[in-house]
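Below is one structure, written out as structure tokens; comments come after it.
We count residues from 1, following the sequence as given. Computed over heavy atoms, backbone and side chain alike; hydrogens, waters and symmetry mates excluded. For ligands, and for the atoms within them, numbers begin at 1 and follow the listed sequence. Here the structure is a predicted model, which is why all the values come from computation and not from measurement.
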Amino acid sequence: MSDTTRTTGPVPGAIAGLVATAAALAAAEALSVLISRPGASPVLAVGDAVVDLTPLPLKQFAVDTFGTADKIALFVVMGAVLAATAAVLGAVAARRRWAGYTGIAVFATVGLAAALTRPDSGALDAVPTLVGALVCAAVLLGLLRTAASGPTEQDGNDSPPQGFDRRRFALVAGAVAAVSAGVGTTARSFAGSGAELSRSDITLPRPAFPAAPVPDGADLEIDGLAPFLTPNEDFYRIDTALSVPHVDATAWSLRIHGLGARERVYTFADLLARDDLTERDITLACVSNPVGGDYVGNARWIGVPLAALLEEAGVRSPQDGGRADQLVSRSEDGMTIGTPVADVMDGRDALLAVGMNGRPLPREHGFPARMVVPGLYGYVSACKWIVDIELTTFDAFDAYWVPRGWSAQGPVKTQSRIDTPRGNSAVGAGTVAVAGVAWAQHTGIDQVEIRVDGGDWQPVTLAAEDTADTWRQWVFDWAAEPGDHELTVRATDRRSRTQTADPAPPAPDGATGHHTIEVTVE
Ligand SMILES: Nc1nc2c(c(=O)[nH]1)N[C@H]1C(S)=C(S)[C@@H](COP(=O)(O)O)O[C@H]1N2
Ligand SMILES: [Mo]
């Protein structure tokens, strides 16, 4: 029998295109898990490539609009584009098979290009996409044939058969779609099981150098105010990883090498067995945090002092005549982050962290190990899923974000935020506790002031300080009178730097300006 004599209408064609695409994605997903290359799934590889290629203004727009849901937004957009294209191609392929095959070839090429250009990719990474493309072609052809073969297809040659066997087509298409959904979700759920097991097996030893207890009065425990220590599940997450990397701690190692360094390799067991495990409270902030935003959190980290590891490798700080001024950390998923060696070795509590708030690092926050350096934005210091540390110079290497428009150096800018009342909310007249947080990591907060309706700056009450590396809560008892009001906050750090009122966007090196909110007093 020949396909060309039996044509199919556009609607069954579109359905065939959609179902074939779903089957292709499910097959590719399953294959990527079976061959233990979860990142080679074409969906993730293409998504990663889109993230890497997105220009800064569009990226900033996405973060501003969707916040930490930007990854979900990306998948929704990708899914919509793919579904629309698949439907159109399917409809066209109903008449002209070659259009379908060309479409599949184009998508497979894009998928292959993305999968094979990922960091650490190998020839094996082509398999999921290739199998997906074959499945797509087979399902498309099968469904189009089903749609074209019906009891009443004896009508004219070039008019689509109106009475094809809808029931049979719906059954076959539905069955293929259901199997695809099942295979796809099962594959996804298996993707992380190894890393999960290795994480649940870990008991962190007691740190040789525990953090002092959080001082009384550091947490004002006011409703609506961010708690002093951010619980792991509430800690902001910012990274380019579309699927959280699965790293098995038992197979993990960290290599330290490069300019002026004797190569050293540490396993996870090596780290836990050390006698210098250190626990510290450190507030981490993202350079993308807009004024008043919540890409900032404070945790109690456990880790090995990075300076100790560097000294074991014979590294000297530039202040002591060392040649490397940049430490480039690389992650399992290919991120590169450049940190000044001088900052890591100047005595501050820069950690190779393995624990967060008493637990092994959550996978989202870099399991099994990450860096945390007080006083530097995350994009220049806080490499998650770290596997490699290279000593080099800022002249010789640009880390991931630098060619994308962000500054190579990123010391944290002093900032403050009003947490309660919420902006644009209504409160009752009388005494209202206005409260928030202020941070100037590794410098410390000296003063926070509030201004009501553009009046005089008034000092607030500062909570007890934990360390200069942590944020500090504050509260102001406001005698609120009925009407619409504007509240503005600013902080001054221990180097007498008062936040500027001049607004600057997050790029290239951190937002400035005062957090201002409007409230209605009833
Ligand atoms: N591997 C990797 N590490 C990374 C990033 C990333 O994209 N990939 N993002 C950095 C940025 S921009 C920040 S602000 C911090 C955020 O850490 P968190 O997600 O644990 O809060 O991680 C840093 N480490
Ligand atoms: Mo960040």
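Heavy-atom contacts of G378 reach the following atoms of ligand 1: 10 (C), 11 (C), 13 (C), 14 (S), 23 (C) (cutoff under 4.0 Å). Each of the following atoms of ligand 1 lies closer than 4.0 Å to a heavy atom of F235: 21 (O). The atoms of ligand 1 that sit less than 4.0 Å from any heavy atom of D333 are 1 (N). Proximity to T240 (heavy-atom distance under 4.0 Å) selects the following atoms of ligand 1: 6 (C), 7 (O). Atoms of ligand 1 found under 4.0 Å from any heavy atom of I337 (numbered from 1 in listed order, with element): 4 (C), 24 (N). Which parts of ligand 1 touch C286 is read off a 4.0 Å heavy-atom cut-off, strictly below it: atoms 14 (S). Residue L284 approaches ligand 1 through these ligand atoms, each under 4.0 Å from one of its heavy atoms: 17 (O).
When heavy-atom distances to ligand 1 are checked against a 4.0 Å cut-off, W385 comes that close only through its side chain, counted from C-beta outward.
The number of heavy-atom neighbours closer than 6.0 Å to CD1 of I72, taken from other residues, nucleotides and ligands shown, is 12 or below. Within a 6.0 Å radius of CG in D320, other residues, nucleotides and ligands contribute more than 12 heavy atoms. By the neighbour-count criterion of 12 heavy atoms within 6.0 Å, atom CZ of F61 is sparsely surrounded, having that number or fewer from other residues, nucleotides or ligands. The number of heavy atoms from other shown groups lying within 6.0 Å of CG (D223) does not exceed 12.
The protein heavy-atom contact nearest to atom 3 (N) of ligand 1 is K384 N, 3.0 Å. Distance from atom 24 (N) of ligand 1 to its nearest protein heavy atom, with residue and atom name: A382 O, 3.1 Å. In this structure, the protein non-hydrogen atom closest to atom 2 (C) of ligand 1 is M335 CG, 3.6 Å. In terms of protein heavy-atom proximity, atom 6 (C) of ligand 1 is nearest to D239 CB, 3.3 Å.
Ring geometry for W401 against W406 counts as perpendicular: the plane angle is over 60°, on a 0 to 90° scale with 30° as the lower cut.
Atom CG in L112 sits 11.0 Å away from atom OG in S121 (nearest 0.5 Å). Distance CG/L487 to OG1/T516: 8.5 Å, rounded to 0.5 Å.
Using a 4.0 Å heavy-atom cutoff, I386 is absent from the residues neighbouring ligand 1.
L82 has its side chain within reach of T21: a pair of non-hydrogen atoms, C-beta onward, lies under 4.5 Å apart. With contacts defined as side-chain heavy-atom distances shorter than 4.5 Å, the pair Q473/F228 qualifies.
R404 forms a cation-pi arrangement with Y400, by the criterion of a distance under 6.0 Å to the ring centre and an angle within 45° of the ring axis. A cation-pi arrangement is absent between R417 and Y295 under the rule of less than 6.0 angstrom and at most 45 degrees off the ring axis.
Remark: ligand 1 and S331 share an N or O pair separated by less than 3.5 Å (distance only, no angle test). Residue I238 places at least one N or O, backbone or side chain, under 3.5 Å from an N or O of ligand 1. Looking at ligand 1, you won't find any N or O of Y379 less than 3.5 Å from one of its N or O atoms.
Counting heavy atoms only, R370 comes closest to atom 15 (C) of ligand 1 of the residues R237, M371, R370. Nearest-heavy-atom check against atom 14 (S) of ligand 1 across Y400, Y236, W406 picks out Y236.
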